[in-house]
Q: 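The structure follows.
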Amino acid sequence: MPLEKLDTVDAFIVFDLADAPQSVGIVRSARKILPGGASDLARSMTYAFATFEMQRSGASAGINAVDDDRPDAVAKFTAEIAPMVASGRFLPEPGARVPRTALESLAEADSRAAIGDVADQATVAGVVAAAATAAGGLDGRTVAIEGSGPICDALTIAVEDRGGSIVEMNGQADVLFAGSKMGAIDHATAEQIQVSTLVPYGPIPVTARALAILGRAGTTVVPDFISTAGSLFAWWPTGDSTPDAIAADAAAQITASLEEIADHPDGLFLAAAYRAESFLSTWQDSLPFGRPLAS
């Protein structure tokens, strides 16, 4: 997995597939961003593209800076990557401590059709569709949401509109939305919760050990690279490009994707991974090592 260091600031970009025509991924900033976590985020995006048969790669960037220095570091970062954005080599998405407003200077050069609110709406539509598909509907279901913020607020509204009830994350619910951070559901948390269906709203919230524990408990875990893929259909719409149409298309595509593998004997995660890897094999000489799970 190629890692490219920037010249003007203490920052790097991890590209999952070196020869991909376009790479998309989250930009995060902290005192020290570890390449390992960035690689995991990039892998999740690669599998999302592969799931929906798009020849693109995941990527992820880290900007190492303390709070006082962060505005200047982010400004240097965006200035240096501007040629990459214009060529499509790296298309950035906001992440921890790097809000979308910090990337506004790059928006005009970004080739994607819709970024920001339209893509966020499609993401929520996809997450809700994934939950409804995996749980057999949301009407009458109890739903807990791990984390907080605008996407969690939007999920709350969507669940209630579909007849579901939001409950506190106290260990038991029909459906759990998770995604506040990588590895939010680790093995200790997995042993404490009792949920029938877990649906990520953010990248790789489940660790490998947690996935195994949840599987033994009979919990259906939707792969994050499917449930969070709604934005792909906003970035590259194939039909009507109005926001409502894009959200509906995202929901339909994600629903169909999950229905296709619903009865696989190895479970949703492995079935989804097999399918993504099958597509990757059509245009990559070798598969990237490791599947998208938090460490």
Side-chain angles (χ1 to χ4, degrees), residues 1-18 20 22-49 56-85 88-107 110 115 119-120 123 146-151 178-186 200-210 224-225 228 231 288-295:
M1 186 177 289
L3 184 150
E4 185 168 322
K5 294 184 177 180
L6 274 66
D7 295 325
T8 60
V9 62
D10 184 6
F12 65 87
I13 305 172
V14 169
F15 294 92
D16 198 17
L17 306 176
Q22 289 181 315
S23 295
V24 183
I26 290 173
V27 181
R28 298 175 298 148
S29 182
R31 181 183 295 272
K32 183 65 176 178
I33 296 288
L34 299 177
S39 298
D40 292 340
L41 290 169
R43 183 61 43 79
S44 177
M45 183 62 77
T46 294
Y47 272 56
F49 285 132
R56 297 182 173 95
S57 171
S60 186
I63 304 171
N64 298 316
V66 297
D67 290 346
D68 291 345
D69 298 336
R70 186 162 294 117
D72 180 62
V74 172
K76 290 177 178 176
F77 174 85
T78 55
E80 186 169 344
I81 71 166
M84 294 187 195
V85 176
R89 182 167 177 245
F90 177 57
L91 304 177
E93 281 294 294
R97 301 179 188 84
V98 183
R100 189 170 297 280
T101 53
L103 304 175
E104 283 180 345
S105 63
L106 301 169
D110 198 316
I115 53 178
D120 292 344
T123 297
E146 178 272 326
S148 61
I151 190 170
S180 65
K181 62 181 181 180
M182 291 186 292
I185 307 299
D186 60 13
Y201 66 81
I204 51 175
V206 180
T207 67
R209 288 181 66 187
D224 69 288
F225 53 89
T228 66
S231 56
F289 179 78
R291 289 171 173 150
L293 287 166
S295 302

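If you're wondering where the values come from, they're calculated on a predicted model, not measured in any experiment.
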Q: Just distance, no hydrogens or angles: give the donor-acceptor pairs under 3.5 Å from side chains in residues 31-42, sequence neighbours left out.
A:
from  : atom 1 : to     : atom 2 : distance (Å)
Ser39 : OG     : Pro35  : O      : 2.9
Asp40 : OD2    : Ser295 : OG     : 3.3

Q: Can you tell me how far apart OG1 (Thr123) and CD1 (Ile151) are? Round to the nearest 0.5 Å.
A: 6.0 Å

Q: Could you give the distance from CG (Asp224) to OH (Tyr47), rounded to the nearest 0.5 Å?
A: 11.5 Å

Q: What distance separates Thr207 OG1 from Leu293 CG, expressed to the nearest 0.5 Å?
A: 8.0 Å

Q: Under 3.5 Å, which donor-acceptor pairs do the side chains of residues 70-85 form with other protein atoms, sequence neighbours left out?
A:
from  : atom 1 : to    : atom 2 : distance (Å)
Arg70 : NE     : Ser29 : OG     : 2.7
Arg70 : NH1    : Asp67 : OD1    : 2.6
Arg70 : NH2    : Ala65 : O      : 2.6
Asp72 : OD2    : Lys76 : NZ     : 3.3
Thr78 : OG1    : Val74 : O      : 3.2
Thr78 : OG1    : Ala75 : O      : 2.9
Glu80 : OE1    : Asp7  : N      : 3.2
Glu80 : OE1    : Thr8  : N      : 2.8
Glu80 : OE1    : Thr8  : OG1    : 2.5
Glu80 : OE2    : Asp7  : N      : 2.8

Q: Do side-chain atoms of Ser60 reach the backbone of Ile26 as a donor and acceptor pair under 3.5 angstrom?
A: yes

Q: May I have all residue pairs that pass salt bridge (charged side-chain N to carboxylate O under 4.0 Å, His left out) and include part of residues 88-99, sequence neighbours excluded?
A: Glu4-Arg89, Glu93-Arg100, Glu93-Arg112

Q: Quick one, Val98 and Leu103 - any side-chain contact, counting heavy atoms below 4.5 Å?
A: yes

Q: Looking only at non-hydrogen atoms, find the nearest pair between Pro203 and Ser44 and report the distance.
A: CB-OG, 4.5 Å

Q: For Gly202 and Pro205, which heavy atoms make the closest approach, and how far apart are they?
A: O-CD, 3.3 Å

Q: Give a yes or no on whether the backbone of Leu17 and the side-chain of Ser57 come within a donor-acceptor separation of less than 3.5 Å.
A: yes

Q: Once side chain to side chain donor-acceptor pair (under 3.5 Å) is applied, do any residues pair with Arg291, and if so which ones, sequence neighbours excluded?
A: Glu277

Q: Side chains of Tyr201 and Glu146, heavy atoms from C-beta outward: is any pair under 4.5 Å?
A: yes

Q: Contact between Val27 and Phe90 at the side-chain level, heavy atoms closer than 4.5 Å - yes or no?
A: yes

Q: Could you check whether any side-chain heavy atom of Leu91 comes within less than 4.5 Å of a side-chain heavy atom of Gln22, counting everything from C-beta outward?
A: yes

Q: Output all residues satisfying side chain to side chain contact (heavy atoms under 4.5 Å, CB included) with Thr101, sequence neighbours left out; order by chain, then residue number.
A: Pro99, Glu104

Q: How close do Ala210 and Val206 get, counting heavy atoms only, and between which atoms?
A: CB-CG1, 3.9 Å

Q: With sequence neighbours excluded, tell me which residues meet salt bridge (Lys or Arg N to Asp or Glu O under 4.0 Å) with Arg56.
A: none

Q: Taking atom CD1 of Ile204 and atom CD1 of Ile185, what is their separation to the nearest 0.5 Å?
A: 13.5 Å

